[in-house]
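What follows is a short report on a single structure.
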Amino acid sequence: MLNDSLSKTLNEQLNFELYSAHVYLAIAAYCSGESLDGFANFFMVQAEEEKFHAMKLYKYLNDRGKRVTMEGMDTPNNEYTSILEAFEHAYEHEQEVTRRIYHLSDIAMNDREHATIQFLKWFIDEQVEEEAMFDSIINKLKRIDKDSNAFFMMDSEFALRTFTPPAL
Ligand code: MG
């Protein structure tokens, strides 16, 4: 049986994953406004991933007999001065997600809630990937700097990113 404090924090995380989708859609909209359709696609796909993360938590809470509740969310940042700044914001956001997942894991370990510890392992691995991906893109963008050919090549490359949802 999941205790109320742990299930409340899992429900908060579900809502935070949806907020992440909101943050990335706002970045996608900024990119679209700059006619950078590849970068916009990258962030739209990222938003899809975040919705998938939220649904994973939704299913888990339901499977454990807990009632999911939806909360309101803050307005995300809609304005950026550059693509690099947008990616830096995304990277910081992912670091915040990681902190929250670790906090959840701490509670689960404290409660000796082994099923939840096991469930959260997927998110811990996912955060390693997310942070590595944003860190590597930021490094590339910094290296590209003012080379517009390389920049537009990256935009074309990101136009190809797709999301295929794995089984929940
Ligand atoms: Mg996520």
Side-chain angles (χ1 to χ4, degrees), residues 2 5-32 38-64 66-78 80 83-109 111 113-141 154 157-168:
L2 272 189
S5 149
L6 182 55
S7 69
K8 185 175 167 283
T9 316
L10 285 164
N11 190 74
E12 275 168 20
Q13 187 60 32
L14 184 166
N15 279 274
F16 199 75
E17 297 289 346
L18 289 175
Y19 174 65
S20 302
H22 216 45
V23 166
Y24 294 138
L25 275 181
I27 299 180
Y30 160 76
C31 298
S32 293
F39 285 103
N41 176 65
F42 176 93
F43 280 104
M44 279 186 244
V45 169
Q46 190 63 30
E48 287 304 310
E49 275 202 15
E50 301 307 338
K51 276 185 237 163
F52 171 73
H53 297 164
M55 290 316 291
K56 238 181 141 62
L57 285 148
Y58 184 103
K59 182 175 187 296
Y60 184 70
L61 282 164
N62 269 313
D63 286 351
R64 300 297 306 272
K66 291 293 174 181
R67 175 77 160 78
V68 166
T69 57
M70 305 311 298
E71 295 161 9
M73 53 177 101
D74 294 337
T75 302
N77 189 22
N78 282 288
Y80 292 93
I83 290 289
L84 176 61
E85 193 195 37
F87 273 97
E88 282 171 339
H89 184 80
Y91 185 39
E92 279 162 28
H93 184 80
E94 286 304 324
Q95 287 170 309
E96 173 60 24
V97 174
T98 302
R99 272 192 291 276
R100 286 169 184 249
I101 299 287
Y102 283 10
H103 176 62
L104 261 171
S105 242
D106 288 344
I107 302 174
M109 281 197 269
D111 291 354
E113 225 300 54
H114 292 283
T116 305
I117 294 167
Q118 187 67 25
F119 170 74
L120 289 170
K121 276 192 177 142
W122 184 90
F123 284 86
I124 292 169
D125 292 342
E126 178 69 12
Q127 284 313 113
V128 172
E129 300 282 316
E130 300 281 44
E131 288 195 27
M133 176 183 71
F134 282 114
D135 185 42
S136 134
I137 295 170
I138 288 167
N139 285 334
K140 275 186 199 152
L141 281 169
M154 209 170 168
E157 188 191 311
F158 284 161
L160 305 174
R161 188 184 187 198
T162 55
F163 176 63
T164 313
L168 272 178

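Counting convention: from 1, in listed order, for ligands and their atoms alike. Keep in mind that the numbers below use all heavy atoms, side chains included, and drop hydrogens, waters and symmetry copies.
In plain terms, the two heavy atoms of Met70 and Leu18 that are nearest each other are CE-CD1, 3.2 Å. Among all heavy-atom pairs drawn from Ala26 and Asn78, the shortest one is CB-OD1, 3.4 Å.
Side-chain contact between Trp122 and His53: present, with at least one pair of heavy atoms (C-beta onward) separated by less than 4.5 Å. Under the 4.5 Å side-chain criterion, counting only non-hydrogen atoms from C-beta, Arg64 is in contact with Thr116. With contacts defined as side-chain heavy-atom distances shorter than 4.5 Å, the pair Tyr19/Glu71 does not qualify.
Around the Mg ion (ligand 1), the protein atoms of type N, O or S that sit closer than 2.8 Å are Glu17 OE1, Glu50 OE1, His53 ND1.
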- Task: Any chance you could lay out the salt bridge (Lys or Arg N to Asp or Glu O under 4.0 Å) test for Lys140 and Glu157, step after step, and finish with the verdict?
- Result: CA-CA 13 Å; Lys140 275 186 199 152; Glu157 188 191 311; 5.0 Å; no
